[in-house]
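Remarks on the structure that follows.
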Amino acid sequence: MNWEWQVFCKNTLDGEVMPRCFGSGGEITYLDWMLSAWGWTLSVSLLALLVALLFGSLMGILRTTPHRGLVLFGTAWTELFRNIPLLVQIFLWYHVLPALIPPLRAVPSFLLVVMGLGLFTSARISEQVRAGIQSLSRGQRMAGLALGFTLPQTYRYVLLPVAFRIIIPPLTSESMNIIKNSSVAFAVSISELTMFALQA
Amino acid sequence: MLNLDFSFLTTEVLSAYVVKGFLFSLQLTFVAMVGGIILGTLLALMRLSGRSWLVMPAAAYVNTMRSIPLVMVILWFFLLIPLITGRPLGAEMSALITFTLFEAAYYSEIMRAGIQSIPRGQIFAGYALGMTYGQTMRLVVLPQAFRNMLPVLLTQTIILFQDTSLVYAIGAYDLLKGFELVGKNFNRPVETYLVAALLYFVISFSLSTLVKRLQVRISIIR
């Protein structure tokens, strides 16, 4: 095998090796490309994590409420997004939803990926939030309600502060998973780019 | 706007395109599960052996595999093996090997937890009866560890089944690829992706429901 690491220092246009590996004055090396791709990975992952935390917490909380309809909704959401492979979900966001809902065609594909990745992860986070809340003793909830708190107040002041502290470890591993899973999203978008390049 | 038309998905079309891919997805899941559990159990035993020359490589292998996205492993293996051996392996064969090696890391973590969940007294009892280390593991510890971890192992297998769709990256012919070909041939990608998602959902959901039932039954027996 013969390696050639200099490829990172090459100019993306003419293939000349740049002296300091970074391009200057409008010229771009492959290393520059990699760094900007790294930035994209991080921003997709962080935005998706935000979406996932938002929907995941909401659905996890719904699944622990005393209302059967809300529990059913949260469970259905979780099962839906947990039982379809991430790649298929990304395909749905890329190809199917814009075809069915015309306004989505104007949305940049970056955001579609963020939503796909975020909602996929929200199912896992909802499971963890539910487990965290259910691990608290039932007396906590009853005490909150007995003190005259409404149900939202019980969650806000009694249950959630403790539950979220418990689930910090699984949540951190889930945020690492999001970074790993973002590679799936890019497998799709990259192949799309090559398709465009072939068609052009 | 909702002009969905599923009429082109006839039995002939499905058996011509999809069945082949479906069988490969199942084969990949099964091979990676069996190979992964065997390899993973060996890795777990290495990590729990207490000998640093066994612990270190096993830990390094598991941690590396768990830190790299599956897509990257699939791609690297597919692209690197021809460079090393000098001849291409084929996408399907490459996927089978990659998934076995990759899932072994995850199964090994499950098996490690399972072996550690067995009280140490059981191991001492095995030794006291005059069994060797190998006999204690094979006859006393591993059977119980397997039974305790059966639901988790099966859940990981469901995740593995979903992950088989990632062989898309190297163009192997799996369930998703089959549906995609149908979509391209009939120019109906929207419908085929929807049906593919539905099929994946039905399979994974019914399997996970079965695993939940199994979990209840196992916990009652204990």
Side-chain angles (χ1 to χ4, degrees), chain A residues 1-4 37 41 44-45 75-105 112 116-117 119-121 123-124 127 173-192 194-195, chain B residues 1-4 25 65-75 80-86 109 155 158-171 174-177 179-180 183-184 188-209 212:
Chain A
M1 290 173 91
N2 43 352
W3 301 98
E4 211 221 332
T41 298
V44 163
S45 308
T75 311
W77 175 284
T78 309
E79 294 294 346
L80 178 70
F81 286 104
R82 214 170 53 148
N83 284 315
I84 299 178
L86 176 59
L87 185 63
V88 179
Q89 287 193 34
I90 300 277
F91 276 146
L92 291 184
W93 281 95
Y94 252 76
H95 302 295
V96 176
L97 283 184
L100 295 182
I101 309 165
L104 272 182
R105 277 169 213 166
L112 293 179
L117 193 57
L119 294 191
F120 173 79
T121 315
R124 293 148 164 270
E127 196 80 334
S173 77
E174 209 50 62
S175 26
M176 284 186 284
N177 273 339
I178 258 194
I179 295 184
K180 283 201 290 174
N181 282 337
S182 70
S183 63
V184 174
F186 281 103
V188 181
S189 59
I190 286 167
S191 73
E192 277 231 315
T194 41
M195 269 188 337
Chain B
M1 51 168 275
L2 272 177
N3 47 357
L4 293 177
S25 284
M65 278 299 187
R66 295 208 322 150
S67 327
I68 307 177
L70 179 53
V71 193
M72 298 301 301
V73 184
I74 295 173
L75 269 177
L80 279 183
I81 286 299
L83 282 184
I84 294 168
T85 60
E109 287 294 89
T155 307
I158 297 173
I159 297 175
L160 162 63
F161 172 69
Q162 293 187 17
D163 282 349
T164 57
S165 60
L166 292 180
V167 295
Y168 173 86
I170 56 172
D174 74 325
L175 182 56
L176 185 60
K177 176 94 171 176
F179 273 111
E180 199 183 51
K184 287 221 169 95
R188 286 263 168 209
V190 174
E191 285 88 343
T192 44
Y193 283 133
L194 279 176
V195 176
L198 185 73
L199 190 59
Y200 273 111
F201 176 81
V202 168
I203 294 172
S204 308
F205 182 67
S206 37
L207 283 179
S208 63
T209 314
K212 261 178 212 151

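Remember, predicted model here, so these are calculated numbers, not experimental data. Just so we're on the same page: letters track the sequence lines, and every chain starts at 1.
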Heavy-atom distances under 4.5 Å only: say whether [X] touches chain A with side chain, backbone, both or neither.
X        : value
B:Ser208 : side chain
B:Thr164 : neither
B:Leu166 : both
B:Glu180 : side chain

Under the ring pair (Phe, Tyr, Trp, His ring centres under 6.0 Å) test, residues paired with B:Tyr200 that sit two or more places apart: B:Phe161
Give a yes or no on whether the backbone of B:Arg66 and the side-chain of A:Lys180 come within a donor-acceptor separation of less than 3.5 Å.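 Checked: pair present.
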[atom1]/[X] to [atom2]/[Y] distance, rounded to the nearest 0.5 angstrom?
X        : Y        : atom1 : atom2 : value
A:Leu87  : B:Asp174 : CG    : CG    : 8.5 Å
A:Asn83  : B:Ser206 : CG    : OG    : 8.5 Å
B:Leu199 : A:Ile84  : CG    : CD1   : 10.5 Å

Return the set of residues passing salt bridge (Lys or Arg N to Asp or Glu O under 4.0 Å) with A:Arg82 (not counting sequence neighbours), or none when no residue passes. A:Glu79, A:Glu127
How close do B:Ala197 and A:Leu92 get, counting heavy atoms only, and between which atoms?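 For B:Ala197 versus A:Leu92, the nearest heavy atoms are CB-CD1, 3.8 Å.
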Would you mind telling me which of B:Leu70, B:Leu75, B:Ile68, B:Val71 makes a side chain to side chain contact (heavy atoms under 4.5 Å, CB included) with A:Ser183?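 One option only clears the test, and that one is B:Val71.
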Parallel, tilted or perpendicular for B:Tyr168 and A:Phe91, by the 30°/60° rule?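 Judged by the thresholds at 30° and 60°, the geometry between B:Tyr168 and A:Phe91 is perpendicular.
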